[in-house]
Structures are given as C-alpha cells and as structure tokens.
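Here the structure is laid out as structure tokens; the discussion comes afterwards.
We count residues from 1, following the sequence as given.
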Amino acid sequence: QVQLVESGGGLVQAGGSLRLSCAVSESIESMETMGWYRQRPGTQRELVASMTSDGKTNYPRIVKGRGTISRDIAKNTIDLQLNSMTPEDTAVYYCHVLSSRFFNFWGQGTQVTVSS
C-alpha cells in the first residue's frame, strides 16, 4: 500500500553534493525503518544509509562521513544528503521503508550520475 517517490537525482560533478528526497504516501512516523539504497551497474543493491523509528541512523563505511539521512515529519519525506561525491557514486538510488507490519516497500529509483 505504501508508495515511495524519489526525486532530486541528476548529474553532479566529482566533489559536489546532491540531496535526494523520498515522498511517502503514508505517515512516516509509523515506519519501523527508512533508508536509501543504491545499485551500480552490474552490482547488487546496497545500503547507503538507514534510520530506525527511534531516530537511530546507520551509515556503512562506504558513505560514512559523507552521507546524512534525515526525515521531515511535516513534509513526510525521507532525505539523503551526499557530499564529496565520486564517479563510484553513480547509480540508481532507491528509497525504502519497512512498515509497522514489517512489509517492505520500494520506490522506482532515481538516477544519479557523477562526472569526473
């Protein structure tokens, strides 16, 4: 039932920053976890950053120190700020939530391309 719509993708130069946003169709406060994943060409989908319902964040080493995940209760969105981007960050970025009933929902993805 939950629908996720990503936005903010596009082209960015190496060293630059990008902010992605995910609009959620149901109350974000009811979600157990929220996160951003990415899938680079020829690779499996991987976690970029996640946040639990109590506000605890998780950042894998590949983005730790460069990425920040946050939620905007008023706008009901999940946002990802990614800095110091490199061509390796080029991927389709997906929004994900785990609902209160522990069902997984994914967005359609947004393309991010980092040029050298």
Side-chain angles (χ1 to χ4, degrees):
Q1 290 284 2
V2 180
Q3 291 184 307
L4 311 175
V5 181
E6 302 98 334
S7 63
L11 178 65
V12 63
Q13 292 183 329
S17 300
L18 203 65
R19 187 173 183 84
L20 305 178
S21 183
C22 173
V24 185
S25 65
E26 296 185 9
S27 176
I28 198 170
E29 294 183 280
S30 68
M31 303 300 163
E32 289 295 325
T33 64
M34 299 148 281
W36 280 92
Y37 292 71
R38 73 183 185 188
Q39 188 164 17
R40 295 177 292 171
T43 70
Q44 292 184 309
R45 193 169 298 182
E46 60 187 344
L47 177 68
V48 177
S50 65
M51 173 182 287
T52 58
S53 59
D54 62 357
K56 183 179 180 180
T57 56
N58 175 255
Y59 299 101
R61 66 176 184 179
I62 58 173
V63 297
K64 197 168 187 176
R66 300 193 299 122
T68 302
I69 188 170
S70 61
R71 59 180 178 178
D72 190 323
I73 301 301
K75 296 180 179 179
N76 209 52
T77 61
I78 306 164
D79 303 317
L80 176 69
Q81 177 73 34
L82 194 58
N83 304 318
S84 301
M85 301 186 74
T86 73
E88 292 185 359
D89 292 321
T90 294
V92 177
Y93 285 72
Y94 297 90
C95 183
H96 166 266
V97 299
L98 181 67
S99 74
S100 61
R101 297 186 183 277
F102 293 92
F103 294 149
N104 290 286
F105 297 94
W106 295 90
Q108 293 300 305
T110 183
Q111 177 69 49
V112 172
T113 302
V114 183
S115 62
S116 300

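- Rounding to the nearest 0.5 Å places OG of Ser70 at 10.5 Å from CE of Met34.
- Side-chain heavy atoms closer than 4.5 Å link hydrophobic residues (I, L, V, M, F, W, Y) into clusters, and following such links, possibly through other members, connects Phe105 to Leu20.
- Under the 4.5 Å side-chain heavy-atom criterion for Ile, Leu, Val, Met, Phe, Trp and Tyr, Leu11 and Val112 are members of distinct hydrophobic clusters.
- The side chain to side chain donor-acceptor pair (under 3.5 Å) test applied to Arg71 returns no partner, not counting sequence neighbours.
- Interatomic distance, Gln39 CD to Gln44 CD, rounded to the nearest 0.5 Å: 8.0 Å.
- Cluster annotation: Ile69 and Ile28 are assigned to the same hydrophobic cluster (Ile/Leu/Val/Met/Phe/Trp/Tyr, side-chain heavy-atom contacts under 4.5 Å, transitive).
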- Message: Applying side-chain contact (heavy atoms from CB on, under 4.5 Å) to Asn58 and Leu47, what does each step give before you reach the verdict?
- Response: CA-CA 9 Å; Asn58 175 255; Leu47 177 68; 3.5 Å; yes

- Task: Under the side-chain contact (heavy atoms from CB on, under 4.5 Å) rule, what do Ile78 and Val24 come out as? Steps first, then yes or no, please.
- Result: CA-CA 8 Å; Ile78 306 164; Val24 185; 3.9 Å; yes

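- Using a 4.5 Å heavy-atom cutoff, the side chains of Thr90 and Gln111 are in contact.
- Think of Phe102 as one node in a network of Ile, Leu, Val, Met, Phe, Trp and Tyr side chains linked at under 4.5 Å; its network also takes in Leu98.
- The two atoms that bring Met85 and Ser17 nearest to each other are SD-C, 4.2 Å, heavy atoms only.
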- Item | Working for side-chain contact (heavy atoms from CB on, under 4.5 Å), residues Thr33 and Ser50 | CA-CA 7 Å; Thr33 64; Ser50 65; 5.7 Å; no

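- Between the side chain of Gln81 and the main chain of Thr68, no donor-acceptor pair closer than 3.5 Å is present.
- When the salt bridge (charged side-chain N to carboxylate O under 4.0 Å, His left out) test is applied to Asp79, the partners found at least two apart in sequence or on another chain are Arg19.
- Ser27 is linked by a side chain to side chain donor-acceptor pair (under 3.5 Å) to nothing, counting only residues two or more places apart in sequence or in another chain.
- Side-chain atoms of Arg66 never come within 3.5 Å of backbone atoms of Leu82 as a donor-acceptor pair (strictly under, hydrogens ignored).
- Pairs passing the ring-ring contact (aromatic ring centres under 6.0 Å, His included) check and including a residue from residues 30-56, sequence neighbours excluded, read Tyr37-His96, Tyr37-Trp106.
- Exactly one residue among Thr110, Thr43, Asp89 makes a side chain to side chain donor-acceptor pair (under 3.5 Å) with Arg38. That residue is Asp89.
- A donor-acceptor pair under 3.5 Å links the side-chain atoms of Glu6 to the main chain of Gln108, judged by distance alone.
- Distance check: Ser115 OG to Gln13 CD gives 5.0 Å after rounding to the nearest 0.5 Å.
- Cluster annotation: Leu18 and Leu80 are assigned to the same hydrophobic cluster (Ile/Leu/Val/Met/Phe/Trp/Tyr, side-chain heavy-atom contacts under 4.5 Å, transitive).
- Contact detail for Pro87 and Ser116: the closest heavy-atom pair is CG-OG, 3.3 Å.
- Residues passing the salt bridge (charged side-chain N to carboxylate O under 4.0 Å, His left out) test with Glu26, sequence neighbours excluded: none.
- Under a hydrophobic-cluster definition in which Ile, Leu, Val, Met, Phe, Trp and Tyr are linked whenever side-chain heavy atoms come within less than 4.5 Å, directly or via other members, Val48 and Met31 are assigned to the same cluster.
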